[in-house]
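Just below is one structure, and these are the notes that go with it.
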There are 2 protein chains.
Amino acid sequence: MGNDKEKTGIRAVAKLSGVSTATVSRALNNPHSVSEELRARIQTIIDQTGYVPHGMARALSSNRTRTIGAIIPTIDNAMFARGISSLQNFLSSQGYMLILSTNGYDIDVELEQARNLISRGVDGLILRGDCHHQMLRDLLVSRDIPFINVGIYNPNQPHPSIGVDNEAAAHRAMMHLIEIGHRRIGVVSALQRNNDRASARLRGFRRALAENGMDLPPQWHVEVRYTLDDAREAARQIFSVEDVPTAIACGNDVLAYGVMLEAERRGLHVPSDLSVVGFDDLEWSRHLRPALTTLHVPTDLTWKGAGEYILARLEGHKVPNHYEVDYSLVIRESTAPR
Amino acid sequence: MGNDKEKTGIRAVAKLSGVSTATVSRALNNPHSVSEELRARIQTIIDQTGYVPHGMARALSSNRTRTIGAIIPTIDNAMFARGISSLQNFLSSQGYMLILSTNGYDIDVELEQARNLISRGVDGLILRGDCHHQMLRDLLVSRDIPFINVGIYNPNQPHPSIGVDNEAAAHRAMMHLIEIGHRRIGVVSALQRNNDRASARLRGFRRALAENGMDLPPQWHVEVRYTLDDAREAARQIFSVEDVPTAIACGNDVLAYGVMLEAERRGLHVPSDLSVVGFDDLEWSRHLRPALTTLHVPTDLTWKGAGEYILARLEGHKVPNHYEVDYSLVIRESTAPR
DNA sequence: ATGGGATATGTAACCGGTTACATCTTGATC
DNA sequence: GATCAAGATGTAACCGGTTACATATCCCAT
């Protein structure tokens with residue numbers, strides 16, 4: 001009797017419900033356009049047979065995958081984990097899926113990963129920071145794939161961005177140390193290579209110092225990767241010079257943790273001997289002892305906002321290209337007047 | 001002249017190189033089967049035109065996506081972040097991509113997410129623990145999709161698993177406290193609901209106590225979620241009873257951090273007043289002060305191993321179903337003889 | 001010279017959905 | 001009753017690759 005080519009998939013459902021494949025497809029994607037009765041009949045068959053639509057086929061013909069790609073430096077960092085988690089929840093709630101990819105701060109790898117994601121048909125792409133391969137931007141523009149740079153605020157750039165103004169925020173953090181009387185201030189910052197946020201923060205620190213007639217002597221400035229080990233090593237380096245600063249501004253909370261741990265090990269009491277200010281306000285920061293004074297950045301909102309932007313673009317809405325996220329200084333126990 | 005339907009995609013490349021689509025496809029997927037000369041000519045055209053294969057179309061016809069799905073409770077947890085990062089690196093190195101999904105410890109959500117992933121054509125699936133919806137297992141088996149439960153070792157179960165033997169490991173951790181003379185020992189463990197690992201660890205703790213003639217009075221046992229706040233609350237609860245234990249075993253390092261923080265705030269010195277042992281050995285644990293005595297679990301190896309298993313299955317190899325990962329007790333500064 | 005195996009390439013069906021277009025119904029309007 | 005718009009449903013082309021099968025070529029053994 002039956003054509004053995006129609007034992008599975010949408011054609012099987014169609015045959016069993018006595019309708020055409022078009023109707024089944026419509027019942028699934030645009031229920032309103034199918035009569036109540038048919039819709040119910042089709043749904044019954046679907047439940048009975050356990051039919052699951054073939055996403056690839058759907059993607060091929062509709063040219064939409066309901067999948068968003070994100071490329072971040074590394075997952076193994078509390079800050080990203082938080083943001084990704086938030087983004088993931090949001091996308092999921094909108095029926096989208098997130099594909100995650102990491103570049104290890106290498107823009108060539110990033111380009112490669114982006115090609116990969118595009119080939120897999122992501123509808124939109126979320127990138128970290130503003131430091132990308134030119135070919136990547138060209139690729140995205142030429143294929144008309146919406147994307148956004150997250151973690152920065154760059155209204156003058158042509159490319160969409162969402163995040164805090166890192167330079168201004170860093171300036172604010174440094175000003176706190178200056179306001180409470182510190183005059184000898186060191187900096188532990190992240191490596192600037194392919195990390196525009198790290199650079200912007202350093203610029204902010206420097207500007208605040210300069211505006212107040214101070215400078216940043218090389219022996220008080222160390223650049224390291226975002227790990228506790230490296231941060232401790234940086235602190236060791238700074239503490240080893242003759243003339244130790246009375247405060248240290250850090251480009252990131254993790255770096256601040258490292259500095260505080262190492263200070264404690266050296267017998268330097270925080271904050272009476274050394275004030276430390278961080279950046280990001282990870283969950284840990286308020287639990288530490290002393291609790292870390294830091295610049296709060298609403299990471300979850302930022303990433304969710306990035307998702308909202310992409311989805312809005314996909315739905316054809318005309319939306320602003322740049323979003324500034326508010327930061328705030330959270331003063332806890334790790335800073336004290338000189 | 002030209003058929004306007006062939007301005008793009010593989011047919012365009014074929015036309016420009018003067019060969020058939022089949023040859024282009026073969027040059028890409030099975031280079032060895034195409035003559036040196038043609039291969040070069042085709043590659044030139046590909047480079048010139050910037051052709052990127054359409055992954056969806058490829059997936060549809062080849063029925064392989066080179067994509068692996070993973071469902072974890074939450075990304076926002078250092079333990080998972082580490083494992084995912086490791087898995088991601090491995091898969092990426094093998095030309096596979098990872099799609100990540102979270103279930104928030106809810107097996108219905110997990111089933112839903114799994115359907116989603118399957119509909120997107122994942123070639124294999126990696127799940128956390130052994131606590132899943134029966135329909136999920138059925139679905140995977142009926143579709144012949146390789147999968148593995150990670151973070152547990154369960155040689156008696158029919159389903160593949162890789163991880164430490166949580167019960168034995170917890171037993172080991174508790175034995176350490178007993179060996180150094182503690183007789184009044186509390187436990188802060190994770191919620192057991194839909195978390196077989198938490199249960200196994202608790203069983204291990206209990207067995208060690210029982211074997212040594214002790215029990216776990218209710219007022220010394222608190223179950224909480226995996227957050228610092230909850231862990232501190234748990235510690236507060238235990239410290240509030242008349243008779244405070246001299247040691248606390250924790251189901252997880254994060255819980256141990258919370259207990260230590262709270263102890264310190266109460267003026268209890270660790271380890272002289274209170275010994276604390278953790279579980280997992282996150283990166284933080286060795287940096288804390290006092291550094292945390294904990295049960296080291298090689299998370300990165302475990303997840304990478306899960307990836308290796310799936311890929312081996314996909315390549316048709318016949319491989320063992322269960323892999324035990326070694327744990328080890330790392331004695332640092334947070335435990336001391338009574 | 002002939003047959004057979006190995007290698008290289010082309011033809012076109014196929015994967016499983018979506019959707020433009022055609023067809024048919026129904027109800028309202030004149 | 002005729003006309004027409006709106007709504008419901010069916011037909012089949014199409015998305016962009018892969019690959020089974022057919023065909024062509026070349027080399028070597030008989």
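So that the names make sense, note that chain A is the first sequence line, chain B the second, and so on, each numbered from 1. The figures that follow rest on heavy atoms only: side chains count, while hydrogens, waters and symmetry mates do not.
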Determine the interplanar angle of the B:H159 and B:F147 rings, folded into 0 to 90°, and report it as parallel if under 30°, tilted if 30 to 60°, perpendicular if over 60°. tilted

Side chain of B:L60 - closest among C:dG17, C:dT18, C:dC15: C:dC15

Using atom CE of A:M56 as one end and atom P of D:dT18 as the other, report the distance to the nearest whole Å. 15 Å

Just how far, in rounded Å, is P of D:dG16 from NZ of B:K15? 15 Å

Within the side chain of A:R66, is there an N or O that forms a donor-acceptor pair under 3.5 Å with the backbone of A:Q94? yes

Close N or O pairs between protein and nucleotides 4-11 of chain D (under 3.5 Å):
{"from": "D:dT9", "atom 1": "OP1", "to": "A:S35", "atom 2": "OG", "distance (Å)": "3.0"}
{"from": "D:dT9", "atom 1": "OP2", "to": "A:S35", "atom 2": "N", "distance (Å)": "2.9"}
{"from": "D:dT9", "atom 1": "OP2", "to": "A:S35", "atom 2": "OG", "distance (Å)": "3.3"}
{"from": "D:dG10", "atom 1": "OP2", "to": "A:S20", "atom 2": "N", "distance (Å)": "3.0"}
{"from": "D:dG10", "atom 1": "OP2", "to": "A:S20", "atom 2": "OG", "distance (Å)": "3.2"}
{"from": "D:dG10", "atom 1": "OP2", "to": "A:T23", "atom 2": "OG1", "distance (Å)": "2.6"}
{"from": "D:dG10", "atom 1": "N7", "to": "A:R26", "atom 2": "NH2", "distance (Å)": "2.9"}
{"from": "D:dG10", "atom 1": "O6", "to": "A:R26", "atom 2": "NH1", "distance (Å)": "3.3"}

Under 3.5 Å, side chain of A:N154 to main-chain N/O of A:N156, donor-acceptor pair present? no

Counting N and O atoms only, with roles assigned by atom type, does the side chain of A:Q88 sit under 3.5 Å from a partner on the main chain of B:L100, one being a donor and the other an acceptor? yes

Whole-Å distance between C:dT9 P and B:N30 CG? 13 Å

Nucleotide N/O of nucleotides 22-26 of chain C paired with protein N/O under 3.5 Å:
none

Could you tell me how far apart A:Y51 (OH) and C:dG16 (P) are, to the nearest whole angstrom? 10 Å

Answer whether the closest heavy-atom distance between the side chains of A:I72 and A:W303 falls below 4.5 Å. yes

Tell me whether the side-chain N/O atoms of A:N63 come closer than 4.0 Å to OP1 or OP2 in C:dT18. no

Report the distance from atom NE2 of B:H54 to atom P of D:dC14, rounded to the nearest whole Å. 17 Å

Taking B:S17 for the side chain and B:V19 for the main chain, is one N or O donor matched with an acceptor at less than 3.5 Å? no

Test your reading of the model: is there a side-chain donor-acceptor pair from B:S119 to the backbone of B:R115, 3.5 Å cut-off? no

When rounded to whole Å, the CG to P distance for the pair A:L28 and C:dG16 reads 16 Å

Quiz item: B:R58 side-chain donor-acceptor pair to D:dG16 base, under 3.5 Å: no

Euclidean distance, atom CZ of residue A:R64 to atom C1' of D:dC15 [Å, nearest integer]: 16 Å

If the cut-off is 4.0 Å, is A:S25 near the phosphate of C:dT18, judged by side-chain N/O to OP1 or OP2? yes

Could you pull out the closest heavy-atom pair between A:R39 and A:P31, with the gap in Å? NE-O, 3.3 Å

Got a donor-acceptor contact below 3.5 angstrom from the B:T299 side chain to the B:R82 backbone? no

